[in-house]
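One structure below.
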Amino acid sequence: MTTDLGLPALTARGFAEPSPTAAALLLLGRGSDPASERGVDCPGDLPAASDPDLVARARAAREALGDRAFVLGHHYQRDEVIQFADVTGDSFKLAKDAAARPDAEYIVFCGVHFMAESADILTGDSQSVILPDLGAGCSMADMATDQQVDEAWEVLEDAGVAGTTVPVSYMNSSAAIKAFTGRHGGTICTSSNAKKALDWAFTQGEKVLFLPDQHLGRNTAVLELGLGLDDCVLFDPHRPGGGLTPQQLRDATMILWRGHCSVHGRFTLESVHDVRDRIPGVNVLVHPECRHEVVTAADLVGSTEFIIKTLDAAPAGSAWAIGTELNLVRRLALAHPDKTIVFLDRTVCFCSTMNRIDLPHLVWTLESLARGEVVNRITVDSETAYFARVALDQMLALPG
């Protein structure tokens, strides 16, 4: 089979189609495919785009689509993909960018599943949100399912605290968790506005159930709101009652879900000490998804956008160790050759699920759309979308 552009078609796995029985994409959470899940072994360097024709094909398909398509690229994407993005940013910025393009027929989201869901919620019914690889999920988002959270809420009800608890869910969560948050009068937050979200939540209730990233919740509560570590308890959905007694739930101010980012969670206090020994005068800058002991040992902590802006403004000759995803760190190092910018940990590791979006999958997606075939469309059912939008709108209404 060939494309309308006169080139052999790619299968969903990104290779020239050998037969009508070529393997389809795996659904999120239903198996693994080492051939498409490159980066999971963290070898230190991503495979190069070995087929030079793929770049030309992506350009040709992108040109053929014109304004009908709008390509979004998350900061953690690999360079071979990010070069084709119309805009780059973090998950919420990209979802808002998509909503600001109502005339675009196709929103191609080079990110992960929960990001594409948010874009579908915020865009119009006539628009199709496309995820080039349906296996591009988020391990943190998968750590809180709607069934687990519903059961957790029942535990809070049994403890007599649900009525005074406000859910605050991180943007890095599924549409179902965002909808749960909206149903129960809560709000969504980002790493940039988590303090504002918690400030608001504590005007609505006495406690917060923070989903799904324990580290962002703990770091914000302790370092920005002035709560103590003993004001926080950790709810483990895999243990009866979350591993907590009713009295512990009644005494707590912050009920943190036991979830974390697989990339940011790997940084340790030893990583900070090691880089300070290796690079005298280094500034340690980390994302608030890092562990509490890492954040407290760092010089600066902030969102992805904060990290980018800080390095843009940093003086020439300064040295920085960055605790966030490696693709972004490498890109920042290349953009600032007058500064020393290194990955915080000696052992490098990419976000393996984000890296499922590679050039073969992007080419397959763009060429399919160019010939009128809508592939890998992400849709959120109307009820879930409604309540998720309630929680997202509450975030947009936060002061400041």
Given the rule that I, L, V, M, F, W and Y join up when any side-chain heavy atoms are under 4.5 Å apart, are [X] and [Y] in one cluster?
{"X": "Val166", "Y": "Val390", "result": "no"}
{"X": "Val149", "Y": "Leu234", "result": "no"}
{"X": "Val155", "Y": "Phe180", "result": "yes"}
{"X": "Val87", "Y": "Phe109", "result": "yes"}
{"X": "Leu65", "Y": "Val55", "result": "yes"}

Flag if over 12 foreign heavy atoms under 6.0 Å of [atom1], [X]:
{"X": "Glu63", "atom1": "CD", "answer": "no"}
{"X": "Gln147", "atom1": "CD", "answer": "no"}
{"X": "Arg258", "atom1": "CZ", "answer": "no"}
{"X": "Asp125", "atom1": "CG", "answer": "no"}

Any donor and acceptor pair, going by atom type alone, linking the side chain of [X] with main-chain N or O of [Y] inside 3.5 Å?
{"X": "Lys207", "Y": "Leu249", "result": "yes"}
{"X": "Asp231", "Y": "Gly228", "result": "yes"}
{"X": "Arg250", "Y": "Ala159", "result": "yes"}
{"X": "Glu224", "Y": "Lys195", "result": "no"}
{"X": "Gln127", "Y": "Arg101", "result": "yes"}
{"X": "Gln83", "Y": "Glu80", "result": "yes"}
{"X": "Thr187", "Y": "Met395", "result": "yes"}
{"X": "Arg78", "Y": "Leu359", "result": "no"}
{"X": "Glu289", "Y": "Cys261", "result": "no"}
{"X": "Arg356", "Y": "Leu134", "result": "no"}

Judged by modelled atom types alone, do [X] and [Y] share a side-chain donor-acceptor pair under 3.5 Å?
{"X": "Ser271", "Y": "Thr268", "answer": "yes"}
{"X": "His336", "Y": "Asp312", "answer": "yes"}
{"X": "Tyr76", "Y": "Thr304", "answer": "yes"}

Heavy-atom pair with the smallest gap, counting every atom of [X] and [Y]:
{"X": "Gly73", "Y": "Ala85", "result": "N-CB, 3.7 Å"}
{"X": "Val295", "Y": "Pro288", "result": "CG2-CA, 4.5 Å"}
{"X": "Thr190", "Y": "Tyr170", "result": "C-CE1, 3.8 Å"}
{"X": "Leu285", "Y": "Val301", "result": "CD1-N, 4.3 Å"}
{"X": "Ala136", "Y": "Ile357", "result": "CB-CD1, 3.8 Å"}
{"X": "Ala221", "Y": "Leu198", "result": "N-CD1, 4.2 Å"}

Practice task
Please state whether the rings of Trp364 and His361 are parallel, tilted or perpendicular, taking 30° and 60° as the class boundaries.
Solution key: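 Because their plane-to-plane angle is over 60°, the rings of Trp364 and His361 count as perpendicular.
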Is there side-chain contact between [X] and [Y], with at least one heavy-atom pair below 4.5 Å?
{"X": "Ser169", "Y": "Lys178", "answer": "no"}
{"X": "Gln394", "Y": "Ile188", "answer": "no"}
{"X": "Leu392", "Y": "Leu396", "answer": "no"}
{"X": "Asn327", "Y": "Asn355", "answer": "yes"}
{"X": "Pro360", "Y": "Leu54", "answer": "yes"}
{"X": "Met254", "Y": "Phe202", "answer": "yes"}

Exercise for the section: Report the C-alpha separation of Phe343 and Phe267 in whole Å, then their side-chain angles, then the decisive distance to 0.1 Å, and conclude whether the ring-ring contact (aromatic ring centres under 6.0 Å, His included) test is met. Expected result: CA-CA 10 Å; Phe343 191 59; Phe267 300 116; 5.3 Å; yes
If you round to the nearest 0.5 Å, how far is [atom2] of [Y] from [atom1] of [X]?
{"X": "Ile177", "Y": "Met143", "atom1": "CD1", "atom2": "CE", "value": "13.5 Å"}
{"X": "Met171", "Y": "Ser191", "atom1": "CE", "atom2": "OG", "value": "11.0 Å"}
{"X": "Thr253", "Y": "Asp230", "atom1": "OG1", "atom2": "CG", "value": "9.0 Å"}
{"X": "Asp97", "Y": "Phe92", "atom1": "CG", "atom2": "CZ", "value": "10.5 Å"}
{"X": "Arg59", "Y": "Phe84", "atom1": "CZ", "atom2": "CZ", "value": "5.5 Å"}
{"X": "Met354", "Y": "His74", "atom1": "CE", "atom2": "NE2", "value": "4.5 Å"}

Handout entry: Test: Arg183 and Asp150 ion pair at under 4.0 Å
Key =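 Result for this pair is no, no salt bridge flagged.
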Practice task
Begin with the C-alpha distance, continue with both residues' side-chain angles, and end with the deciding distance and a verdict on side-chain contact (heavy atoms from CB on, under 4.5 Å) for Thr384 and Glu117.
Solution key: CA-CA 10 Å; Thr384 300; Glu117 285 185 326; over 6 Å; no
Practice task
Decide if the gap between the ring center of Phe210 and the ring center of Phe235 is smaller than 6.0 angstrom.
Solution key: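 No.
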Exercise for the section: Take Thr310 and Trp320, measure what side-chain contact (heavy atoms from CB on, under 4.5 Å) needs, and give me the verdict at the end. Expected result: CA-CA 10 Å; Thr310 298; Trp320 297 84; 3.8 Å; yes
